Amino acid sequence: MPVESVLAAIRPLFESPIISKCAHNANYDMTVLTGQGISFSNVDFDSMIAAHLLGRPAIGLKNLSLDVLNHEMTPISDLIGKGKKQVTFDQVEIEVAGKYAAADADMTGRLRSTLESPLARDGLDLLLTDLEMPLVPVLVRMQRHGIKLDAGALHEMSQDLNQQMYQVEEELYRSIGHRVNINSPLQLSDLLFKELGLKPTKRTKTGYSTDANSLEDLKELHPAVKLILEYRQVSKLKSTYVDALPDMINPETGRVHTSYNQTGSATGRISSNDPNLQNIPIRTELGRQVRRAFVAQNAPEWQLFSADYSQIELRVLAHMSQDSGLLDAFRRGEDIHSSTASLMFEVPINDVDSEMRRIAKVLNFGVIYGLSPHGISQQTGFSREEGAKFIDNYFSKYPGISEYLDSVKFKARADQYVATLIGRRRYLPDINSGNFNVRGGAERMAVNMPIQGTAADIMKAAMIRVQSRLDEEEMRTKLLLQVHDELVFEVPREEMELLKNLVFDEMPAAIDLDVTLKVDVKWASNWGDME
DNA sequence: GGCTATTGCAA
DNA sequence: TATTGCAATAGCC
């Protein structure tokens, strides 16, 4: 790649407000180039993603070059430094930056040639060219749009939480008679299990566990335990979200711009970091308050709009296992957990009570994760033996699922890998291990990956279709976020009906399964008030 | 400042 | 001794 053409390409990018993020994410410069539709930088992703699809651990371009081509590249830290003295990429002399970018482009081109035949051999070439690569510009545009955050609301919340934490802290100190660092599991363990003499319920590899599950059992035994749980909840939300997110607002755009990692997960999901916008709280009222700080620009004329796949993983399981009970339940449009409860407890679906549904729901989740009697007992509160009975019952009512899971594990043992519906692979070298724990872990991964990964493949196809339609229709609607089974948009009210129809058309059409994919939509001026 | 362990947020 | 992630904190070197 001639250095001059790279220079010409990146010069205007130095005007871009988002480029300053390069200091946090060395690949972001390439991301930006790709986002501008500059073809040479696509090869960067091409080779990185190709290597990922071939089962290489997610390593950067520099390592990949050393690994595959035995060529040592100049690290980005030579340009921007590292740690405290690190500068942003736009501070680098443009001639130096250009050479660096050209080296990236050159090396990735060479890597691509090397990886081409292994890709085709394993049937992964279309996955790369027709799914992953077309997704790159979609992700880049989402990153560049960012999402607006109500920093004032979070700042106010921070003050409130300060008060709340102070009060809980004081009450705790009064209750135990001295100060303690509640953020230290070590100090907490000493306090609870030595000083207060409570009986530990669970062990970690270094001592006794003080996680929320363990503390739940001790809640009634000493008033300090409840206070610790309360403090934990508040301090978690405050440090991870309320205080951290406002600092991530880009001063140029006034919005937060996440980075999506397309090569980070073993199942084919994309991940989000810096900040992670795929784990914004919702389950508690305090958490929902954090979510409300994500707002539509120019609300209420503009709205945030969410479209999510309903029960996509269980629908994928129904298709892949061809279990008639599960397929029929979806075809009848039933509430799937109630339907499972109806089967398991042999009552009409209308006679299913909340406890029966709760247990069925645990089993339906469990089957996707590779369920174990212990896991079921943990989640349900029943004994391990009861958990085992639930599992036996579940499989006897869904024989197709049982046979499917057996066949996946059998094939994994023979092939040393499992795959999604469209051929994405996960290698499982431990599947034949002599160690019961190691092998069991690999079996759960074998069961989970084809389901979670197929759902991820479907969402990726949907994102490409949706963005392409938004472009065709010349809509002002922006795709902002992906949260695994959910897409979040920013939409002007005039386009709301159009957008609804668009996602109802495009998301279910991403793949042809023996069950239809259901999409639910909701909207509001912020992300927390939907539904 | 880097590393590991623990904890907890989401799908 | 349930799947996939990211990140904050403590405590060590």
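It should be emphasised that the depicted structure is a prediction, and the values quoted were computed from it without experimental measurement. For the numbers below, each heavy atom of this structure counts, side chains included, while hydrogens, waters and symmetry mates do not. Convention: sequence-line order gives letters A, B, ...; per-chain numbering from 1.
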Atom CH2 of Trp527(A) and atom C1' of dA11(B): how far apart are they, to the nearest Å? 11 Å
Would you classify Ile368(A) as touching base, sugar-phosphate or nothing, given that sugar-phosphate means primed atoms plus P, OP1 and OP2, and contacts are heavy atoms under 4.0 Å? nothing
Inter- and intrachain pairs under salt bridge (Lys or Arg N to Asp or Glu O under 4.0 Å), touching residues 434-445 of chain A, at least two apart: Arg413(A)-Glu443(A)
Which of the following nucleotides, dC6(C), dA11(B), dG11(C), is nearest to the side chain of Asn273(A)? dC6(C)
Using a heavy-atom cut-off of 4.0 Å across all strands, would you classify Gln379(A) as base, sugar-phosphate, or nothing? base
Minimum-distance pair of heavy atoms, taken over all atoms of Ser306(A) and Met530(A): CB-SD, 3.6 Å
Atom P, compared across dA5(B) and dT1(C): separation rounded to whole Å: 15 Å
Check the orientation of Tyr417(A) and Tyr427(A). Use parallel for under 30°, tilted for 30 to 60°, and perpendicular for over 60°. tilted
So for Arg269(A) and dA11(B), does any side-chain atom that can act as donor or acceptor lie under 3.5 Å from a complementary atom in the base? yes
Measure from NZ on Lys238(A) to C1' on dA7(C) and round the result to the nearest Å. 16 Å
Side-chain-base donor-acceptor pair under 3.5 Å for Gln452(A) and dT3(C): yes
Can you sort out which residues in residues 203-211 of chain A have a heavy atom within less than 4.0 Å of DNA chain C? Ascending by number, please. none
With salt bridge (Lys or Arg N to Asp or Glu O under 4.0 Å) as the rule and sequence neighbours excluded, what pairs involving residues 425-437 of chain A come up? Asp122(A)-Arg425(A)
Would you write the dot-bracket representation of DNA chain C, where each base gets (, ), [, ], | or . depending on whether it forms a Watson-Crick or G-U pair under 3.5 Å and with which partner? ..|||||||||||
Ignoring hydrogens and geometry beyond distance, is the side chain of Asn276(A) in donor-acceptor contact with the base of dC6(C) at under 3.5 Å? no
Tell me the interatomic distance from Tyr369(A), atom OH, to dA10(B), atom P, rounded to whole angstroms. 12 Å
Do Ser310(A) and Asp308(A) get their side chains close enough for a donor-acceptor pair, meaning under 3.5 Å? no
Just by distance, no angles: are the side chains of Asp274(A) and Ser259(A) close enough, under 3.5 Å, to form a donor-acceptor pair? no
Least distance between heavy atoms, Glu334(A) atom then Ser339(A) atom: OE1-OG, 3.0 Å
From CD1 of Ile451(A) across to P of dA11(B) the rounded distance in Å is 19 Å
Check whether any side-chain heavy atom of Phe330(A) sits under 4.5 Å from a side-chain heavy atom of Leu517(A), and report yes or no. no
To the side chain of Asp485(A), which of dT9(C), dA11(B), dG11(C) is closest? dA11(B)
More 5' along DNA chain C: Val367(A) or Asn181(A), using each one's nearest nucleotide? Val367(A)
In terms of side-chain heavy atoms, does Thr258(A) have a donor or acceptor partner in Gln143(A) at a distance below 3.5 Å? no
Pro185(A) has its side chain closest, among dT7(B), dA8(C), dA11(B), to dT7(B)
Val362(A) near the nucleic acid: base, sugar-phosphate alone, or nothing, with a heavy-atom cut-off under 4.0 Å? base
Answer with base, sugar-phosphate or nothing: what part of the nucleic acid does Arg283(A) contact at a heavy-atom distance below 4.0 Å? base
Any ion pair linking Glu132(A) and Arg424(A) (charged N to carboxylate O, less than 4.0 Å)? yes
In terms of heavy-atom contacts, does CD of Glu531(A) have more than 12 from other residues, nucleotides or ligands at under 6.0 Å? no
Would one find a side-chain N or O of Thr240(A) under 4.0 angstrom from OP1 or OP2 of dA8(C)? no
Tyr241(A) OH to dT7(B) C1', in whole Å, measures 12 Å
Does Ser272(A) put a side-chain nitrogen or oxygen below 4.0 Å from OP1 or OP2 of dC6(C)? no
Regarding Ala456(A), tell me which of base, sugar-phosphate or nothing describes its non-hydrogen contacts under 4.0 Å with the strands shown. nothing
With the side chain of Ala266(A) defined as its heavy atoms from C-beta on, choose the nearest nucleotide among dG8(B), dT4(C), dA7(C). dT4(C)
Among the nucleotides dA10(B), dC9(B), dC6(C), whichever has the atom closest to the side chain of Gln233(A) is dC9(B)
Expressed in angstrom and rounded to an integer, what is the separation of His484(A) atom NE2 from dT3(C) atom P? 16 Å
Across the strands shown, which category fits Asn448(A) at heavy-atom distances under 4.0 angstrom: base, sugar-phosphate, nothing? sugar-phosphate
Could you tell me the separation between the CG atom of Leu405(A) and the C1' atom of dT3(C), rounded to a whole number of Å? 13 Å
Do you see a donor-acceptor pair shorter than 3.5 Å between the side chains of Asp335(A) and Ser338(A)? yes
Gln482(A) CD - dG5(C) P separation (whole Å): 14 Å
Do Arg292(A) and Asp529(A) touch side chain to side chain, with heavy atoms closer than 4.5 Å? yes
N/O donor-acceptor pairs under 3.5 Å from side chains in residues 387-401 of chain A, not counting sequence neighbours:
unit_1    : atom_1 : unit_2    : atom_2 : d
Asn393(A) : OD1    : Lys397(A) : NZ     : 3.2
Asn393(A) : ND2    : Met344(A) : O      : 3.0
Tyr394(A) : OH     : Asn364(A) : OD1    : 2.7
Ser396(A) : OG     : Asn393(A) : O      : 2.8
Lys397(A) : NZ     : Leu343(A) : O      : 3.2
Lys397(A) : NZ     : Glu346(A) : OE2    : 3.2
Tyr398(A) : OH     : Thr340(A) : OG1    : 2.9

In numerical order, the residues of residues 419-445 of chain A whose heavy atoms come under 4.0 Å of DNA chain C are Arg426(A), Asn437(A), Arg444(A), Met445(A)
